[in-house]
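Below is one structure; the comments refer to it alone.
Just so it is clear: chains get the letters A, B, ... in the order the sequence lines come, proteins before strands, and each one is counted from 1.
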Amino acid sequence: MLDPKFVRENYDYIEKMLKLRKMEGACDINELKTLDDKRRDLSSEMNSLREERNSVSKSIGIRKQKGEACDDLMEHVQTINDKIEAITDSLNKYDTAYNDIMLSIPNRLHESVPEGTDESFNKVVREWGEKPTFDFEPKPHYDLGTDLKILDFERGVKLAGARFYVYRGLAARLERALISLMLDTHTNEHGYTEVFAPFLVNDESMIGTGQYPKFKDEYYRLDRDNLSLIPTAEVTLTNLYRDEILTKEDLPLYVAGQSSCFRREAGSAGRDTRGLIRVHQFQKVEMVKFVDPESSFDELEKLVANAEAILQKLGLHYRVLLLCSGDTSASSCKTYDLEVWMPGLNRYVEISSCSNFLDYQARRAMIRCKSKDGGKPEYLHTLNGSGVAAGRALAAVMENYQHEDGSIGVPEALKKYLER
RNA sequence: GGAGAGGUGUCCGAGCGGUCGAAGGAGCACGCCUGGAACGCGUGUAUAGUGAAAGCUAUCGAGGGUUCGAAUCCCUCCCUCUCCGCCA
């Protein structure tokens, strides 16, 4: 959510930003203005009515103590209460409508974000390594894995349905090794604290990071228990400090954790139906930062570098994209995607997404910081990035390290995790 | 799952229908005292909204109700603790 004051003073900017994101229709700014005025009028009226009621009630107390009659005052309060009741409903209505629009307004965009309507306008900011060359036709990971009997899609379907899979032997061990490499790197070399958190969360958490209420169809929810399966550890790691005021001097705080991630993939029927690229459950290491607002854009660059370090250790060619305005997610101010080269699929595949949310999530989740020396609490800035998606990393390793005979090699960095 | 106890400010803890945003203490900050410190003394010490400010409003786990008035009474839910049951 944006700062209501900022919105009130910058309607023009909001309109412009919506256009850049090609979301003009998403929220009615004129309506917002009207609602804001009405609710402010009503709430100040409410405020003075309550003031009056409180003071009259107080005098009733005083009179009663003295044993004096106070029917006239009680009658007076009754008329005030009638007035309050009369405006409560419409105030609530305006408040709700106002909040609905406020919640649907996407984050501000950073000035460096390129303008564009879709992914073709994303800007390649750098590449690392080169596409490997093969003197045979490289196979996609699902063929390699099926032939080696280490990826079992048929049994995944038997157990749970389409877009589920089973790892067996080397695939299972490789993914575990990948996760270990990632967590070790982030904790030992990048200053993150490892965190292991629940995979099921309550609605407050899903709201805090913005999954609910807007995108409910995309996630699994256990209605009987009012819990949802997390689509990413961003939810738990960011909500760690929901409703808390952190000490400003302790910032920045870096946390990293692995989790399984559960996604319904509701809108993507027919896309990436084969293999590990688009599945209902995958594992991922996530990095989350809580930082001083001053430094969040520097922290974003470091965050991307942390994700890149994993791909570099694995010797995987990738490119870094700065997402254009139309492709940047609603809650993000600026996003970099890492795309890894998959020779078997003959294309780049997104393996990490690193975003600066400014105070957008912090405001929703009420995560603030305050200096030791006192002063006002302020919303801090949150960032997150995949570091990186383990299932896709496994697929990338398989495709990039494949041999002509269908076997696959192991990147140097993973060998110590695979020793028996 | 059953029985009981409880959730109050940074923390401990009082309040159980009226002038309570909330006694008292601890902690912290500032000042005095001191060569310096401890002790002692004094002052201050939640968040949000609104307002130029004084102030006003809301918040005592969450939501609803009773009442002229609720931290205090009633209902629902959540959480914590103790005992029992179950269990990787």
Counting only pairs under 3.5 Å, give me each side-chain donor-acceptor contact of residues 81-89 of chain A, with atom names and distances, residues two or more places apart or in other chains.
residue: A:Asn81; atom: OD1; partner: A:Arg53; partner atom: NH1; Å: 2.9
residue: A:Thr88; atom: OG1; partner: A:Ile84; partner atom: O; Å: 2.6

Next on the checklist: Please classify the nucleic acid contact of A:Leu73 as base, sugar-phosphate, or nothing, using heavy-atom distances under 4.0 Å.
Outcome noted: nothing
Checklist entry - Can you give the dot-bracket line for RNA chain B, where a pair is Watson-Crick or G-U wobble with both atom distances under 3.5 Å, crossing pairs use [ ], and | marks a partner on another strand? => result ((((((((.[[[..)..(.....]]]((((((.......))))))(((((....))))).[[[[[..)....]]]]])))))))....
Next on the checklist: Suppose we screen for ring-ring contact (aromatic ring centres under 6.0 Å, His included). Which residues come up paired with A:Phe262, at least two apart in sequence or across chains?
Outcome noted: none
Checklist entry - How far, in whole Å, is B:G61 from B:A3 if one measures between their P atoms? => result 24 Å
For nucleotides 60-62 of chain B, tabulate all protein N/O to nucleotide N/O atom pairs closer than 3.5 Å, reporting atom names and distance.
none

Checklist entry - Crowded around A:Glu249 CD? As in, over 12 foreign heavy atoms under 6.0 Å? => result yes
Item to check | Partners passing side chain to side chain contact (heavy atoms under 4.5 Å, CB included) against A:Leu2 (at least two apart in sequence or in another chain) | outcome: A:Val7, A:Ile14, A:Ile105, A:Asn107, A:Arg108, A:Tyr360
Distances under 3.5 Å between nitrogen or oxygen atoms of protein and nucleotides 86-88 of chain B:
none

Checklist outcome for this item: Sorted by chain and number, sequence neighbours left out, side-chain hydrogen bond (donor to acceptor under 3.5 Å, both in side chains) with A:Glu299 holds for A:Tyr254, A:Lys289
Checklist entry - With no hydrogens and no angle check, is any side-chain donor or acceptor of A:His76 less than 3.5 Å from a backbone partner on A:Val56? => result no
I'd like a list of close polar pairs between nucleotides 69-73 of chain B and the protein, N/O only, cut-off under 3.5 Å.
residue: B:G69; atom: OP1; partner: A:Asn81; partner atom: ND2; Å: 3.3
residue: B:G69; atom: O4'; partner: A:Ser57; partner atom: OG; Å: 3.3

Checklist entry - By side-chain hydrogen bond (donor to acceptor under 3.5 Å, both in side chains), which residues pair with A:Glu244, not counting sequence neighbours? => result none
Checklist outcome for this item: The side-chain hydrogen bond (donor to acceptor under 3.5 Å, both in side chains) partners of A:Glu154 (sequence neighbours excluded) come to none
Item to check | Atom CD of A:Glu218: over 12 foreign heavy atoms under 6.0 Å | outcome: yes
Checklist entry - A:Tyr192 and A:Asn306: side-chain donor and acceptor closer than 3.5 Å? => result yes
Checklist entry - Under the 6.0 Å and 45° cation-pi test, does A:Lys216 pair with A:Tyr212? => result yes
Next on the checklist: Nearest to the A:Arg50 side chain among B:U47, B:U57, B:U50, which nucleotide is it?
Outcome noted: B:U57
Item to check | All ring-ring contact (aromatic ring centres under 6.0 Å, His included) counterparts of A:Tyr165, not counting sequence neighbours | outcome: A:Tyr167
Next on the checklist: Side-chain N or O of A:Arg8 versus OP1/OP2 of B:U50: is the shortest distance under 4.0 Å?
Outcome noted: yes
Item to check | Of all pairs that satisfy salt bridge (charged side-chain N to carboxylate O under 4.0 Å, His left out), the ones with a partner from residues 31-44 of chain A, not counting sequence neighbours | outcome: A:Arg8-A:Asp36, A:Asp36-A:Arg39, A:Arg39-A:Asp95
